[in-house]
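In what follows, a single structure is set out as C-alpha cells and then discussed.
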2 protein chains.
Amino acid sequence: MDAIKHIPTIPLFQGLTPEHHAHVASIVVEKVYRRNQVIFSEGDEGNGFYVVISGRVKVFKLSPDGKEQILHILGAGEPFGEVPVFAGERFPAHAEALEETRVIFFPRASFADLIKKNPSLAMNMLAVLSRRLRRFSALIEDLSLKEVPGRLSAYLLYLSDKKNRETSLTLDISKAQLASLLGTIPETISRILTRMSAEELIESDGHRNIKILDRPGLEELASGERKLL
Amino acid sequence: MDAIKHIPTIPLFQGLTPEHHAHVASIVVEKVYRRNQVIFSEGDEGNGFYVVISGRVKVFKLSPDGKEQILHILGAGEPFGEVPVFAGERFPAHAEALEETRVIFFPRASFADLIKKNPSLAMNMLAVLSRRLRRFSALIEDLSLKEVPGRLSAYLLYLSDKKNRETSLTLDISKAQLASLLGTIPETISRILTRMSAEELIESDGHRNIKILDRPGLEELASGERKLL
DNA sequence: GATATTCATTGACTTATGTCAAAAGCGCGT
DNA sequence: ACGCGCTTTTGACATAAGTCAATGAATATC
C-alpha cells in the first residue's frame with residue numbers, strides 16, 4: 001500500500017530527492033506482524049532488510065538453553081536486519097515483534113542498485129551502521145566491565161534523558177525484557193530496584209513507574225564510583 | 001612515502017580503478033607506532049580513520065578502575081576508527097599498538113568526498129562495518145550467554161580454523177591479552193586451561209603452545225552442551 | 001465476579017568467577 | 001651462571017549473581 005507517505009519520514013532516506021523517494025517506494029513491500037511473531041531467525045538467509053513503520057521490534061541472541069540477550073529494541077523509522085545485505089551470509093540474530101508492528105521490507109538486490117546511484121543514501125546507511133557499532137561497544141562495555149546495578153542505573157538515566165531529564169519514568173518494557181536487555185534475569189532486577197529504593201535513589205511503585213530521587217547517586221552507580229550496599 | 005604500493009592490497013579498496021588508488025594514496029598519511037603506544041583514546045575527536053599496514057592494534061574499552069575489554073585486534077589490511085567519520089562525535093574506544101605498527105591515516109573530509117564519488121568504495125565500507133557488527137553480536141552473545149570455558153573453547157577453535165583445522169596452535173597474544181579479549185582475567189584462563197588438560201581436551205606446554213586433543217569435546221563446550229568438571 | 005494465568009517479589013541456596021597473595025617458572029642482561 | 005622482572009600458576013577466600021521454589025499481586029478470561 002501507500003508506502004510512499006512513510007518513506008520521506010525515515011531518517012535513512014533524508015536528503016534524497018522526491019524521485020528517489022518514489023523509486024524507493026516502488027521497490028518496498030509492507031508487512032504486518034502481530035505481538036510475539038517471529039520476523040526472522042538467526043541463520044536465516046537475509047534477502048533484504050526492514051524498517052519499522054509503527055510498533056516495536058526486538059533483535060536478540062538466544063542460548064541453547066533458551067536464555068536471551070536483547071541486542072536492541074527498535075521503534076518507528078529504525079532499520080534492522082541490514083547485516084546480510086552488505087556482508088552476505090545470514091542473519092546474526094533473531095527478530096521478533098514486541099507488539100503489533102508494521103514494517104517495510106527492502107529486497108536486497110534492488111536496494112544495492114539504488115545505493116550505487118545514491119551517494120547520500122550510502123552515507124546515511126554508513127551513519128546508521130556506525131551508530132549501531134557505537135551502541136554495541138557500549139553494550140559490550142556494560143556487560144564486561146559493569147555490574148548489574150551500574151547497567152540498570154545507566155538505563156534509567158538513559159530513559160530520563162530521552163524525556164529531557166524528567167524524573168518520573170515509565171518503563172516501556174516488562175521487567176523480563178529489561179533483564180534480557182541488561183544481560184541478567186528478572187529476579188536480579190527486582191532485588192536491585194529494592195536496594196535502590198532502600199538507598200533513596202529511586203522510588204518504585206512496583207509496576208512500571210519509577211521516580212528518580214537522586215540523579216547524582218545514580219550517575220555514580222552507573223560509572224562504578226559507587227556501590228550498592 | 002609510497003603508500004601507493006599498499007593501497008591496492010587493502011580489501012577496503014578492492015574493485016577501485018588504479019586512478020582511484022592513486023587518488024587515495026594522495027590523501028593518506030603514514031604513521032608508525034611503537035609497542036604499547038596509544039593511537040587514540042576514547043572520547044578523542046575523530047578526524048579520520050586508519051588502516052593497518054603492518055603490525056597489530058588492539059581496540060578496547062577501559063573501566064574506571066583500569067580493567068580492559070578488548071573489542072578487537074586488527075592486523076594488516078584492516079581498518080579501524082571509522083565510527084566518528086560516519087556517525088560524527090568521538091571515538092567510542094581506545095586504540096593502542098600491540099607491537100611496532102605502521103598505519104595509514106585517512107583524513108575524514110577528503111575520504112567523505114571520495115566515497116561520494118565511488119559507489120564501490122561505499123559498498124566496501126558498508127561490508128566492513130557489517131562484518132564488524134556481526135562480530136560484535138557474537139562477542140555480546142559470548143559475554144552474556146556463555147561462561148568462560150565456552151568462550152575459551154570457541155577461541156581455540158577459531159584459531160584452529162584459521163590454520164585450516166590444524167591441531168597444534170600457537171597463541172598469538174599473551175594470556176593477559178587473551179583474558180581481556182574474552183572478558184575475564186588471566187587467573188581464570190589459567191585455571192580453565194588446567195581443567196581442559198585434565199579432561200584431555202587439550203595439551204598445553206604452559207606457554208603459548210596448545211594442542212587440541214578432542215575437537216568435538218571443545219565444540220560441545222563452546223556451544224554449552226557440555227560443562228567442565 | 002470468581003478463577004485462571006501471567007508477572008513480580010522474596011528467600012534460601014549454589015556456583016562461577018573475581019580478588020589477593022604467594023610461589024614458581026622463564027627470559028634477559030651483566 | 002646468577003640474580004632481576006615478568007608472566008603464569010596455584011591456593012584460600014569473597015562476592016555478585018544465578019537457580020529453584022514459594023508467595024503475592026495484577027491482569028485477563030470465562
Side-chain angles (χ1 to χ4, degrees), chain A residues 35-36 63-69 98-99 142-153 155 170-199 202-210 221-222 224 226-229, chain B residues 35-36 63-69 98-99 142-153 155 170-199 202-210 221-222 224 226-229:
Chain A
R35 183 177 154 83
N36 296 331
S63 78
D65 52 310
K67 224 188 127 189
E68 77 173 32
Q69 169 68 46
L98 282 178
E99 54 197 67
D142 282 357
L143 289 172
S144 167
L145 303 176
K146 289 183 184 161
E147 338 198 295
V148 183
R151 295 178 220 162
L152 182 51
S153 299
Y155 185 76
T170 304
L171 293 183
D172 43 354
I173 51 179
S174 74
K175 294 251 165 85
Q177 299 288 294
L178 178 55
S180 160
L181 189 62
L182 300 181
T184 183
I185 56 174
E187 290 94 320
T188 298
I189 296 284
S190 233
R191 290 186 233 268
I192 290 172
L193 286 175
T194 303
R195 288 197 281 158
M196 283 179 169
S197 298
E199 297 193 29
I202 61 163
E203 201 171 276
S204 164
D205 73 342
H207 300 261
R208 288 184 173 189
N209 298 302
I210 289 173
L221 258 184
R226 170 171 174 169
K227 297 189 72 176
L228 238 34
L229 302 182
Chain B
R35 183 176 152 84
N36 296 331
S63 77
D65 54 308
K67 223 188 128 189
E68 78 174 32
Q69 168 68 46
L98 282 178
E99 54 197 66
D142 283 356
L143 289 172
S144 166
L145 303 176
K146 290 182 185 162
E147 331 196 301
V148 183
R151 296 177 218 163
L152 181 51
S153 300
Y155 185 76
T170 305
L171 293 182
D172 43 354
I173 51 180
S174 74
K175 295 250 166 89
Q177 299 289 300
L178 178 55
S180 161
L181 189 61
L182 300 182
T184 183
I185 55 174
E187 289 95 321
T188 297
I189 296 284
S190 232
R191 290 186 233 267
I192 291 172
L193 285 175
T194 304
R195 289 197 280 158
M196 284 179 169
S197 299
E199 297 192 29
I202 61 164
E203 201 171 275
S204 164
D205 73 343
H207 300 264
R208 288 186 176 189
N209 299 303
I210 290 173
L221 258 184
R226 171 171 172 168
K227 297 190 69 175
L228 237 34
L229 301 182

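Values below: every heavy atom of this structure, side chains too, minus hydrogens, waters and symmetry copies. Note on naming: letters A, B, ... go to the chains in the order of the sequence lines (proteins, then strands), and numbering restarts at 1 for each one.
Residue B:Lys227 is in sugar-phosphate contact alone, with no base atom involved, counting any heavy-atom pair closer than 4.0 Å across all strands shown. B:Gly183 comes within 4.0 angstrom of the backbone, heavy atoms only, and of no base.
Between B:Thr194 and D:dT9 there is no side-chain polar atom (N or O) within less than 4.0 angstrom of OP1 or OP2. For C:dG18, one of the phosphate oxygens OP1 or OP2 lies less than 4.0 angstrom from a side-chain nitrogen or oxygen of B:Thr184.
Counting to the nearest Å, the P atom of D:dA16 and the CG atom of A:Leu229 are 11 Å from each other. Taking atom CZ on A:Arg35 and atom P on C:dT6, their separation rounds to 12 Å, with Å as the unit. In this structure, B:Glu147 places its CD atom 12 Å from P of C:dT15, rounding to the nearest Å. Regarding A:Leu145, its CG atom lies at a distance of 15 Å from the C1' atom of C:dT17, rounded to whole Å. Nucleotide D:dA25 holds its C1' atom 7 Å from the NE2 atom of A:His207, rounded to whole Å. Nucleotide C:dT9 holds its P atom 11 Å from the CG atom of A:Leu178, rounded to whole Å. Taking atom CG of residue A:Leu221 and atom P of nucleotide D:dA16, one finds them 13 Å apart after rounding to whole Å. Rounded to a whole Å, the CD1 atom of A:Ile185 is 13 Å from the P atom of C:dA8.
In terms of modelled atom types and a separation under 3.5 Å, the side chain of A:Glu68 and the main chain of A:Ser180 share no donor-acceptor contact. Judged by distance alone, with hydrogens and angles left aside, the side-chain atoms of A:Thr188 form no donor-acceptor pair with the main-chain N or O of A:Thr184 at under 3.5 Å.
Shown here is B:Arg195, whose CZ atom has more than 12 heavy atoms of other residues, nucleotides or ligands within 6.0 Å.
Between B:Asp205 and B:Leu228, the one whose closest nucleotide on DNA chain C sits nearer the 5' end is B:Leu228. Comparing B:Arg195 and B:Glu187 by the nucleotide of DNA chain C that holds the closest heavy atom to each, the one mapping nearer the 5' end is B:Arg195. Heavy-atom nearest nucleotides on DNA chain D were determined for B:Ile189 and for A:Lys146, and the one closer to the 5' end corresponds to B:Ile189.
Taking both residues in full, the closest heavy atoms of B:Leu145 and A:Ser63 are given as CD1-N, 3.7 Å, listed atom of the first, atom of the second, then distance. Considering every non-hydrogen atom in both A:Ser144 and B:Gln69, the closest pair reads OG-OE1, 2.6 Å. Taking every heavy atom of both residues into account, A:Lys227 and A:Glu147 meet most closely at CE-OE1, 3.7 Å. Residues B:Gln177 and B:Leu98 approach most closely at OE1-CD2, 3.4 Å, considering heavy atoms.
Defining each end axis of the helix from C:dG1-D:dC30 to C:dT30-D:dA1 as the rotation carrying four pairs' C1' atoms onto the next four, with five pairs an end, the two axes are found to diverge by 40° to 10 degrees.
Listed candidates were D:dT8, C:dA16, C:dT9. Nearest to the side chain of B:Ala176 is D:dT8. Here C:dT17 is the nucleotide among C:dT10, D:dT10, C:dT17 with the atom lying nearest to any side-chain atom of B:Thr188. Side chain of B:Lys175, nearest nucleotide from C:dT9, C:dA16, D:dT9: D:dT9.
Ion pairing of A:Lys175 with A:Glu187 is absent here, as no side-chain N (NZ or NE/NH1/NH2) approaches a carboxylate O to less than 4.0 Å.
Taking only distance into account, the side chain of A:Arg191 meets the base of D:dT19 through a donor-acceptor pair shorter than 3.5 Å.
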